[in-house]
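A short worksheet on the structure shown next.
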Amino acid sequence: MRVKTAGPSRRPANAPDDDTVQYFRTILEQISDPQGPIQEEGEVRQVFVDNVFDEVAGREIKLSVDSECSRCIEALLPFASLAHLRQFMSGLSGDTSRVFKSPCGSHVLEKALSRCGELLSDDENEEAHDVPSLHDTLLSMSEVVYEELYDFMRNRAASPSVRAFLCALAGVESPGMGKLTREKIAELRVW
């Protein structure tokens, strides 16, 4: 009698392994759980968020462009501290073009940029010697955006992320996914 074994994963070769994907599925369930650790205040939430960002460290791009892991990261970013965000954005800047052009990575980038807008003023007051500041990371990413702007604007995934990126650089809130009204456009004008 032959025992049927699970076949090889159908995930791309450069995708996270199955154990990593399962870890992030579990984390996403815990984030979504009304009784989960992310709903707690104080130390419980902080330890939970610290642990997940420790798992992400060094694999920011690989996880952000993955269709399953990216959802977890997106859900976790609103809880990221300045230190987490610095590390995460620094990791994403390793291959800025890939992140912008990825359907999943671009959504993660938009969420991260939104969080950058909230924490950017705090970044000027805090020094970290091992990780570049958010300001420095955004400036290095802006060089890539400048060089590849034409390609980004023609890319369905990159275009909204470029808009969010430019809004973050300008210090204005990125418009939501809703339709822009004349009033919203007038509010966003800086000239």
Side-chain angles (χ1 to χ4, degrees), residues 11-12 14-16 20-21 23-25 27-28 31-32 38 49 52-123 128 131-178 180 184 188:
R11 301 179 57 75
N14 61 349
T20 300
V21 171
Y23 171 80
F24 282 99
R25 280 183 193 147
I27 295 299
L28 186 58
I31 292 171
S32 304
I38 204 75
V49 173
V52 178
F53 274 103
D54 285 347
E55 284 295 319
V56 172
R59 303 184 295 170
E60 292 87 356
I61 294 171
K62 186 177 202 173
L63 298 174
S64 294
V65 300
D66 181 73
S67 62
E68 295 195 56
C69 297
S70 64
R71 286 184 256 161
C72 176
I73 295 171
E74 245 185 292
L76 193 66
L77 278 167
F79 303 100
S81 68
L82 178 58
H84 296 140
L85 196 59
R86 274 182 166 180
Q87 179 68 42
F88 184 75
M89 291 299 290
S90 177
L92 288 184
S93 70
D95 191 354
T96 302
S97 182
R98 181 176 175 203
V99 177
F100 270 98
K101 291 178 179 178
S102 164
C104 299
S106 63
H107 285 284
V108 171
L109 183 61
E110 285 181 60
K111 186 70 84 169
L113 289 168
S114 171
R115 188 70 176 137
C116 282
E118 296 169 14
L119 297 177
L120 202 52
S121 62
D122 296 339
D123 191 44
V131 180
S133 70
L134 286 176
H135 182 263
D136 291 343
T137 300
L138 290 174
L139 285 177
S140 74
M141 291 174 95
S142 71
E143 293 173 11
V144 175
V145 171
Y146 177 74
E147 292 169 5
E148 298 190 39
L149 187 59
Y150 181 75
D151 290 336
F152 285 169
M153 295 316 299
R154 295 181 51 162
N155 183 292
R156 179 177 289 158
S159 176
S161 297
V162 169
R163 180 176 53 242
F165 182 77
L166 294 174
C167 285
L169 286 180
V172 296
E173 188 174 323
S174 180
M177 298 303 279
L180 281 178
K184 284 185 182 178
L188 292 176

Might you point out which heavy atoms bring [X] and [Y] nearest each other, and give the distance in Å?
{"X": "Thr96", "Y": "Ser93", "result": "OG1-O, 3.3 Å"}
{"X": "Glu60", "Y": "Gly91", "result": "OE1-CA, 3.6 Å"}
{"X": "Met153", "Y": "Ser159", "result": "CE-OG, 3.7 Å"}
{"X": "Leu85", "Y": "Ala112", "result": "CD1-O, 4.1 Å"}
{"X": "Ile27", "Y": "Cys72", "result": "CG2-SG, 3.3 Å"}
{"X": "Met89", "Y": "Cys116", "result": "CG-SG, 3.9 Å"}

Does some side-chain heavy atom of [Y] sit less than 4.5 Å from a side-chain heavy atom of [X]?
{"X": "Arg71", "Y": "His107", "value": "no"}
{"X": "Leu76", "Y": "Ile38", "value": "yes"}
{"X": "Val99", "Y": "Ser106", "value": "no"}
{"X": "Asn155", "Y": "Asp151", "value": "no"}
{"X": "Val162", "Y": "Pro160", "value": "no"}
{"X": "Asp66", "Y": "Thr20", "value": "no"}
{"X": "Thr137", "Y": "Arg86", "value": "no"}

Original post:
Taking it one step at a time, do Leu82 and Leu134 satisfy side-chain contact (heavy atoms from CB on, under 4.5 Å)?
Top reply: CA-CA 9 Å; Leu82 178 58; Leu134 286 176; 3.7 Å; yes
Subject >> CA sep, side-chain torsions, deciding dist, call: Ser81, Val49, side-chain contact (heavy atoms from CB on, under 4.5 Å) >> reply: CA-CA 9 Å; Ser81 68; Val49 173; over 6 Å; no
Quick one: [atom1] on [X] to [atom2] on [Y], what's the gap to the nearest 0.5 Å?
{"X": "Glu74", "Y": "Cys69", "atom1": "CD", "atom2": "SG", "answer": "12.5 Å"}
{"X": "Ser161", "Y": "Leu113", "atom1": "OG", "atom2": "CG", "answer": "7.5 Å"}
{"X": "Leu109", "Y": "Ile73", "atom1": "CG", "atom2": "CD1", "answer": "12.0 Å"}
{"X": "Ser90", "Y": "Met141", "atom1": "OG", "atom2": "CE", "answer": "9.5 Å"}

Original post:
Does the pair Leu63 and Val108 meet the rule for a side-chain contact (heavy atoms from CB on, under 4.5 Å), with working shown?
Top reply: CA-CA 10 Å; Leu63 298 174; Val108 171; over 6 Å; no
**OP:** Would you mind checking if Glu148 and Lys101 are paired as a salt bridge, meaning a charged N to carboxylate O distance below 4.0 Å?
**Re:** yes
Original post:
Is there a side-chain contact (heavy atoms from CB on, under 4.5 Å) between Ser70 and Val65 once you walk through the steps?
Top reply: CA-CA 6 Å; Ser70 64; Val65 300; over 6 Å; no
Original post:
Does the Ser142 side chain pair with the main chain of Leu139, one donor and one acceptor, at a distance under 3.5 Å?
Top reply: yes
**OP:** Only pairs at least two apart or in different chains count here, so list each ring-ring contact (aromatic ring centres under 6.0 Å, His included) that has a residue in residues 66-103.
**Re:** Phe53-His84, Phe100-Phe152, Phe100-Phe165
